[in-house]
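Report on the structure given below.
Reminder, nothing fancy here: chain letters follow the sequence lines and each chain counts from 1.
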Amino acid sequence: MSEKDHQPTDFIRQVIEEDLKSGKHKEIVTRFPPEPNGYLHIGHAKSICLNFGIAQEFEGQCNLRFDDTNPAKEDVEYVDSIKEDVRWLGFDWGDNLYFASDYFEQLYTWAVDLIKEGKAYVDDQTAEEMSKGRGNLQTPGENSPFRDRSVEENLALFQEMRDGKFGDGEKVLRAKIDMAHPNMNMRDPVLYRITHIEHHRSGDKWCIYPMYDFTHGQSDALEGVTHSLCTLEFEHHRPLYEWFIDNIDVPSKPRQIEFAKLQLTYTMLGKRNMRFLVENDYVSGWDDPRMPTISGIRRRGYPSEAIRNFCHNVGVTKFKSTHDIGLLENEVRQVLNRDALRFMAVLDPLKVIVTNYPEEKVEEMDAVKNPEKPELGTRKVPFCRELYIERDDFMEDAPKKFFRLKPGGEVRFRCAYWLKCEEVIKDENGEITELHCTYDPDTRGGENPPDGRKVKGTIHWVSARHAVDAEVRVYDRLFKEENPDAAEGSFLDYLNPNSIEIKNAKLEPGLGEIEVGETVQFERLGYFCVDTDSSDDKKIVNRTVPLRDSWAKIAQKS
RNA sequence: AACCCCGUGGUGUAACGGUAGCACAACAGAUUUUGGUUCUGUUUGUCAAGGUUCGAAUCCUUGCGGGGUUGCCA
């Protein structure tokens, strides 16, 4: 039972341990390298937890590097949100904030070096011609007619590309590798393209921009990254990554290792599909609480600790697995059960009149703030003659297993009294409008009465006179289909029409003081978080996640 | 069918040639002033066939299945 046995071990950490043991590296350096072209989502959280987590465990360093080599898609707006999200997840890059665009000059110099060594050339072909010349998966490509230009001509042309002598797409710089290579990435990949677009950081200094492949490994090498962890789709870029590291005079030799990206049931993580939902108002924005973005999850009320625990449990492999979203929700409940303060709130109010309770009387009942943390003590909850209970907690023709309120039945009102339903009041449509009940003074605080009577159910309630009104947004998963990406037809066919339900709820008065962003438990209902849309006169609350509900299962069966 | 990667209960993940373990889910029970929490128990698995070995989830071969790759995106 050494400590080692409890360490999570995966194939990447094993490689790192070996590299440390063999003396290949003294210190581990990783990096999280987002392109600032969108918002981070739960899939990125896996990569963040992996890279920053490894740095922490091995007492190394993790850089935050923006892979900003394509100005057409990028913006500072995203840089800021990405930083905020990484910080919220609980990680710190210290001084190690980098931008690939800061390496443009160095990368250019290295490109010139390759040209001088006859390992790169300027190609005049159109994109279409190049594509054709590359061949396909079965057939080898053919050399470009420009492949054998002289070093001098290439040097001059590349300089002219930089100087802006050509329009977008007129020329590219390519590596001279092997047009018949079985790996398409090695068939003379493009190193630089011409793009006359202002870059969000380098402005109009450049009109040629390096490709991802020509940037990433060298950036890693410049920063002394030892292990460059990326997702599986870069697997067949690795030979190229290594080709650049081997053919360029870089200061260190990083190693690329690939792992499977995170996939979740009932969730769609594709950037362009998420963008579609945002731009076409299927959701309120990137931070809509139903979105799998970090900002959405945060607004929904998921604690970052739960995300970290989840990523830890998910593990790291090369197997393309899909995780059950329920596992994430379980982690959320686990953290919130431990931390969240308890309150009572009624989402779908039904009035209860306690007919034998004095009109003017108000009692302050004691209720535990959090049973998981008894040291926190209790809160006061006002009780009076008029109350609200959950409409669901009353049934006229109740099945045997229904332990809540029914005509002639008695239940415990949590922390208050035992109440017996004496009369059901209905309107002209037969809708139940209120319940007339009597209370037993011998059950104050919800205690068992001296006569030994038993009661099966305990329900929550709110004093009608003291309740705070609130809009509660009850969220459900965005998609009805387990895998909206892979299902037949458009993912839009699988949107859950009930992914948001608005309730005009009655809250326990103490809830008026809860601040935006704070997550609490509404007893018997779930965890709820005060939303950023709240104003001084209107409280808006998101349902983070419901409590486990074994009654719902029983009810469904019968 | 060119090359590459991957196959362990329902979903994931561990076991590194030596008792197939863990989490979630499901089911049953106990406790409970939340039908919550907690606790106990049960069910379900090594893709297949050969080979190596005293012994194979693990090594080898073949097959089967899934995924990826033909951007001047990352």
Side-chain angles (χ1 to χ4, degrees), chain A residues 8-11 14 33-35 37 67-70 72-74 100 123 125-127 130-132 134-141 168-174 181-185 187 189-195 208-209 211-213 215-216 230-239 258 260 265 271 313-331 333-334 337-338 342 344 367-368 371-372 401-404 412-416 418 443 445-448 455-460 482 521-526 546-555:
Chain A
T9 165
D10 55 66
F11 74 104
Q14 279 171 15
E35 183 188 18
N37 70 343
D67 237 332
D68 53 349
T69 58
N70 185 2
K73 291 187 172 179
E74 299 156 6
D123 197 332
Q125 290 183 107
T126 63
M130 268 183 57
S131 172
K132 205 177 264 177
R134 193 154 26 229
N136 60 36
L137 300 175
Q138 281 78 21
T139 57
D168 290 1
E170 273 184 48
K171 288 182 166 46
V172 292
L173 184 73
R174 299 177 78 176
H181 198 107
N183 181 339
M184 300 293 289
N185 288 122
R187 321 245 262 226
V190 171
L191 269 35
Y192 272 89
R193 76 284 215 180
I194 299 170
T195 308
I208 57 171
Y209 291 95
M211 301 291 289
Y212 163 85
D213 286 306
T215 307
H216 204 92
C230 62
T231 47
L232 247 29
E233 65 263 37
F234 293 103
E235 216 161 15
H236 30 270
H237 289 246
R238 190 179 349 120
E258 311 86 12
T265 54
K271 208 172 265 180
N313 288 347
V314 148
V316 185
T317 66
K318 298 188 81 159
F319 178 60
K320 286 189 90 174
S321 52
T322 301
H323 287 81
D324 191 337
I325 188 79
L327 186 58
L328 209 207
E329 292 168 350
N330 181 63
E331 296 297 337
R333 286 194 194 98
Q334 208 166 302
N337 176 56
R338 185 195 64 201
R342 312 291 138 114
M344 292 195 282
V368 175
E372 304 296 316
K401 285 188 175 168
F402 186 81
F403 301 150
R404 285 110 99 143
R412 174 187 290 119
F413 274 45
R414 176 131 232 242
C415 304
W418 288 23
T443 58
E447 302 282 342
N448 292 350
V455 93
K456 273 228 168 119
T458 299
I459 65 173
H460 61 276
E482 220 181 90
Q521 184 189 104
F522 289 176
E523 291 196 86
R524 302 210 304 130
L525 296 176
L547 248 32
R548 251 196 214 96
D549 187 355
S550 46
W551 163 244
K553 270 183 213 162
I554 298 166

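Using a 4.0 Å heavy-atom distance criterion, A:V455 is classed as making no nucleic acid contact. Residue A:G315 is out of contact with every strand shown, counting any heavy-atom pair closer than 4.0 Å. Among the atoms of the strands shown, base atoms are found under 4.0 Å from some heavy atom of A:Q521.
Regarding A:W551, its CH2 atom lies at a distance of 20 Å from the C1' atom of B:U37, rounded to whole Å.
B:G68: glycosidic angle beyond 90° from 0, hence anti.
Taking the C1' atom of each, B:G9 and B:A20 are spaced 11 Å apart, rounded to whole Å. Distance noted for atom C1' between B:U61 and B:A56: 15 Å (whole Å).
Under the side chain to side chain contact (heavy atoms under 4.5 Å, CB included) criterion, A:T265 pairs with A:T322, A:D324, A:I325, A:E482, not counting sequence neighbours.
Judged by atom type and distance alone, A:R333 does not reach the base of B:G36 through any side-chain donor-acceptor pair under 3.5 Å.
Residue A:S550 places at least one side-chain N or O under 4.0 Å from the OP1 or OP2 atom of B:G36.
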For nucleotides 68-74 of chain B, 5' to 3', base contacts (B), sugar-phosphate-only contacts (S) and non-contacts (-) with protein non-hydrogen atoms under 4.0 Å give SBBSBBB

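Ion pairing of A:K73 with A:E35 is absent here, as no side-chain N (NZ or NE/NH1/NH2) approaches a carboxylate O to less than 4.0 Å.
Using bins of under 30°, 30° to 60° and over 60° for the plane-to-plane angle, the ring pair A:F234/A:H237 lands in the perpendicular bin.
Paired runs in RNA chain B that reach 3 or more consecutive Watson-Crick or G-U pairs, where each pair keeps both distances under 3.5 Å, cover B:2-7 with B:64-69, B:10-13 with B:21-24, B:26-30 with B:38-42, B:47-51 with B:59-63.
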Can you pull every protein N or O that's under 3.5 Å from an N or O on nucleotides 8-11 of chain B?
from	atom 1	to	atom 2	distance (Å)
B:U11	O3'	A:T322	O	3.2
B:U11	O2'	A:T322	O	3.1

Please list, for nucleotides 38-42 of chain B, all pairs of protein and nucleotide N/O atoms separated by less than 3.5 Å.
none

Under 3.5 Å, which protein N or O atoms sit close to an N or O of nucleotides 45-48 of chain B? Give each pair with its distance.
none

